[in-house]
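This is the structure I have questions about; it appears just below.
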Amino acid sequence: MSKIRVRFAPSPTGFLHIGGVRTALFNWLFARHSGGTFILRIEDTDKDRSTDEAIQVIMDGMKWTGLDWDEGPIRQTDRLELYREKAMDLFKQGLAYWCVCTPEELETRRKEAQARGESIKYDGRCRNRGISEPTEPAALRFSVPQEGQTVVQDLIKGEIVFENTVLDDLIILRSNGYATYNFSVVVDDGLMNISHVIRGDDHVNNTPRQIPLFEALGLPVPQFAHLPMILGADKTRLSKRHGATSVLAYKEMGYLPEALVNYLVRLGWSHGDQEIFSIKEMVEHFDFKHVQSSAAVFNPEKLKWVNAQYLRNTEPQEVAEVLTPFLEAAGYDEAAQARIPGGVEALIPSLRERSETLLDFVEGAVPYLVEAMEMDEAAATKHLKAAIAPSLQEFADLVEAEPDFSKETLEGLFHGLIERKELKMGKVAQPLRVALTGRTVSPGIYEVMALLGKDRTLQRIRAGVERALKN
RNA sequence: GAUCCCAUCGUCUAGCCUGGUCUAGGACGGCACCCUCUCAAGGUGCAGACACGGGUUCAAAUCCCGUUGGGAUCACCA
């Protein structure tokens with residue numbers, strides 16, 4: 001069996017979208033699973049729409065998700081001469097011909113055909129003109145065999161049969177001298193010895209057009225695996241209308257790359273009932289047999305859940321590392337981070353049960369990062385009432401007098417107090433929480449105090465007392 | 001319109017190839033309860049699907065045909 005070689009071949013006309021990442025991921029997984037080679041090829045033959053920035057963005061996105069490539073990036077614009085030579089080879093062999101129909105003529109003929117309800121394929125009128133040296137702008141067309149069938153043995157969808165009569169004589173060289181997509185892909189896949197073409201199933205209809213080209217060029221026909229599409233909630237192809245579709249947007253929204261990859265791999269592939277996979281497990285288990293043949297709807301809710309799983313199961317130190325840039329972007333510098341006893345890392349265990357994204361972390365971390373806290377007025381009005389002031393005051397005094405500031409000690413102090421005063425836990429805990437954090441929702445109050453440190457704890461409880469007395 | 005693909009809970013899916021073990025399993029989301037200083041997390045439970053119609057067979061989610069529905073593609077874009 002010859003060596004496995006696969007490629008991801010995006011065109012750099014925008015950002016790297018979710019569907020692209022999933023295609024890249026499946027290629028990458030297959031390569032890693034089989035000890036093969038993963039190639040990054042940039043399909044930038046559309047010079048009007050391709051940009052260098054977009055190439056960079058694609059590579060950044062792949063690096064972020066951890067999809068490393070073994071060869072490339074290979075740019076098709078560096079290989080234009082090669083495509084031209086291969087196209088002319090075909091012409092010399094009589095397998096291609098010059099077509100002088102103008103794009104406008106073609107367009108009107110298509111419309112007429114459509115109006116008559118006929119299929120809109122090129123009528124082949126230049127096929128037998130035998131133009132050897134065109135004196136006007138001409139495109140080179142490939143003479144597609146019109147007899148028999150072209151059969152695609154798809155690793156995911158099985159056998160797909162096309163009658164060759166439905167196949168167009170496709171243009172392989174435009175009148176401006178540049179190769180078209182369907183031609184350059186075949187030349188590249190063939191010359192790069194690609195063993196498996198793994199791409200979105202929006203390409204299935206291209207496949208019977210490409211197979212005869214491989215054959216005409218004398219190049220080995222690769223195996224094909226057409227991945228089902230990723231759809232939006234309305235079951236149409238995922239696009240900007242459905243919200244964020246750029247991978248890097250998910251980075252900004254506070255998703256972990258491992259989580260996104262994990263979510264994406266389960267979109268169209270399964271391994272029994274398993275939901276969470278390490279990269280190693282994905283590589284180990286990946287196979288086409290368990291790739292779904294139907295399209296999948298992208299579900300942001302489940303992505304969040306997967307992300308939350310990763311947030312909770314990643315070492316606090318690692319989470320702190322990726323969280324720090326988010327804190328800084330939100331304006332919380334080193335000085336703010338240093339206010340937390342134990343630093344940002346100490347925040348993780350308390351906040352991660354309540355966070356689905358790193359952005360949630362930032363939101364939850366605010367009370368511990370600032371010196372002067374912002375008080376939620378509604379919460380203060382509801383919970384900080386005059387009646388509770390003496391209890392809070394007493395608790396503050398107890399804490400101040402106690403040299404040990406551990407969670408256990410704090411808990412003992414608090415319990416002793418409510419027992420002596422015969423109060424209900426909830427009646428005092430909630431006002432205390434509001435005094436400490438300015439909010440009605442937070443981690444447990446002892447954890448909160450530990451994250452605040454003794455000074456800020458006392459200062460906030462006393463400010464809370466004053467506030468309560470005015471209420 | 002033509003060609004091609006697809007069809008299990010709202011969503012992601014297991015099961016389908018190799019019919020019986022499926023009164024169809026898991027996960028997200030939803031609901032309820034438990035836990036509880038709030039919110040979460042966690043635990044327990046509930047609701048929720050084989051698109052429809054024909055065959056084949058002792059037996060069909062599984063095989064075949066049709067219908068319906070969805071999607072993709074039909075450029076001198078990629």
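In what follows, chains carry the letters A, B, and so on, assigned in the order in which the sequence lines appear, proteins first and then strands, with residues in each chain numbered from 1. Given the structure is predicted, the values throughout are model-derived calculations rather than measurements.
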Ring centres under 6.0 Å, that's the criterion: do Tyr263(A) and Phe298(A) meet it?
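For Tyr263(A) and Phe298(A), the ring centres are under 6.0 Å apart.
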N-O pairing of Arg79(A) and Glu85(A) below 4.0 Å:
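No salt bridge links Arg79(A) with Glu85(A).
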U73(B) P sits how many Å from Phe162(A) CZ, rounded?
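Atom-to-atom, Phe162(A) to U73(B), this comes out as 14 Å.
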Quick one: does Lys121(A)'s side chain have a donor or acceptor within less than 3.5 Å of a partner on Thr165(A)'s backbone?
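Yes; judged by distance alone, with no hydrogens or angles, the pair exists.
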Distance, rounded to the nearest Å, where Glu159(A) contributes CD and C17(B) contributes C1':
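Interatomic distance, CD of Glu159(A) to C1' of C17(B): 15 Å.
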Counting only side-chain nitrogens and oxygens, does His290(A) get under 4.0 Å of the OP1 or OP2 atom of U13(B)?
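For U13(B), OP1/OP2 do not have a side-chain N/O of His290(A) under 4.0 Å.
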Ignoring the backbone of Ile445(A), work out which of U11(B), C37(B), A78(B) is nearest its side chain.
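Shortest atom-to-atom distance from the side chain points to C37(B).
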Phosphate-side-chain proximity, Ser293(A) and C5(B), N/O vs OP1/OP2 below 4.0 Å:
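So the side-chain polar atoms of Ser293(A) never come under 4.0 Å of the phosphate oxygens OP1 or OP2 of C5(B).
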Using a strict threshold of under 4.0 Å (side-chain N to carboxylate O), is an ion pair present between Asp376(A) and Arg439(A)?
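Salt bridge flag = no for Asp376(A) with Arg439(A).
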Quickly work out the Ile230(A) CD1 to U13(B) C1' distance and round it to whole Å.
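For the pair Ile230(A) CD1 and U13(B) C1', the rounded distance is 15 Å.
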For residues 9-20 of chain A, dump all side-chain donor-acceptor pairs below 3.5 Å to protein atoms at least two apart in sequence or in another chain.
| unit_1 | atom_1 | unit_2 | atom_2 | d |
| --- | --- | --- | --- | --- |
| His17(A) | ND1 | Gly19(A) | N | 3.2 |
| His17(A) | ND1 | Gly20(A) | N | 3.2 |

Given A75(B), is OP1 or OP2 found less than 4.0 Å from the side-chain N or O atoms of Arg110(A)?
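Checking Arg110(A) against A75(B): at least one side-chain N or O falls below 4.0 Å of OP1 or OP2.
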Name the residue closer to the 5' end of RNA chain B, choosing between Glu163(A) and Lys289(A) according to the nucleotide with the nearest heavy atom.
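Closer to the 5' end of RNA chain B: Glu163(A).
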Nearest-nucleotide pick for Tyr181(A), side chain only, options being A27(B), C76(B), A78(B):
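Closest of the options to the side chain of Tyr181(A): A78(B).
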Would you mind telling me which of U18(B), A41(B), A78(B) lies closest to the side-chain atoms of Arg312(A)?
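The nucleotide sitting nearest to the side chain is A41(B).
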Options C37(B), U3(B), U73(B), nucleotide nearest the side-chain atoms of Ala429(A):
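Nearest to the side chain of Ala429(A) among the choices is C37(B).
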Taking atom types as they are modelled, would you say the side chain of Glu275(A) forms a donor-acceptor pair with the base of G26(B) within the 3.5 Å cutoff?
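Yes, a donor-acceptor pair under 3.5 Å.
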Gln309(A) side-chain N/O to A27(B) phosphate OP1/OP2 under 4.0 Å:
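Checking A27(B) against Gln309(A), no side-chain N or O comes under 4.0 Å of OP1 or OP2.
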Using the P atom on both, measure A27(B) against G66(B) and round to a whole Å.
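Roughly 38 Å separates the two P atoms.
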Tell me whether the centres of the aromatic rings in Phe326(A) and Phe361(A) are closer together than 6.0 Å.
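Not under 6.0 Å, so no.
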Please list residues of residues 431-444 of chain A whose heavy atoms come under 4.0 Å from any atom in RNA chain B, ordered by number; otherwise none.
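The answer is Arg433(A), Thr440(A), Val441(A), Ser442(A), Pro443(A), Gly444(A).
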Of all the nucleotides listed (C12(B), A78(B), G26(B)), which has the minimum atom distance to the side chain of Asp273(A)?
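Nucleotide nearest to Asp273(A)'s side chain: G26(B).
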When you check the gap from the basic side-chain N to the acidic O, do Asp360(A) and Arg354(A) get nearer than 4.0 Å?
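Here Asp360(A) does not pair with Arg354(A) in a salt bridge, since their nearest N and O are not under 4.0 Å apart.
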Please state whether the phosphate of A78(B), meaning OP1 or OP2, lies under 4.0 angstrom from any side-chain nitrogen or oxygen of Thr180(A).
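No, because none of the side-chain N or O atoms of Thr180(A) sits under 4.0 Å from OP1 or OP2 of A78(B).
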From A7(B), A41(B), C12(B), pick the nucleotide closest to the side chain of Leu267(A)?
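Nearest nucleotide to the side chain: C12(B).
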Report the nucleotide, chosen from U13(B), A78(B), G10(B), that has the shortest atom-to-atom distance to any side-chain atom of Asn299(A).
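Closest nucleotide to the Asn299(A) side chain: G10(B).
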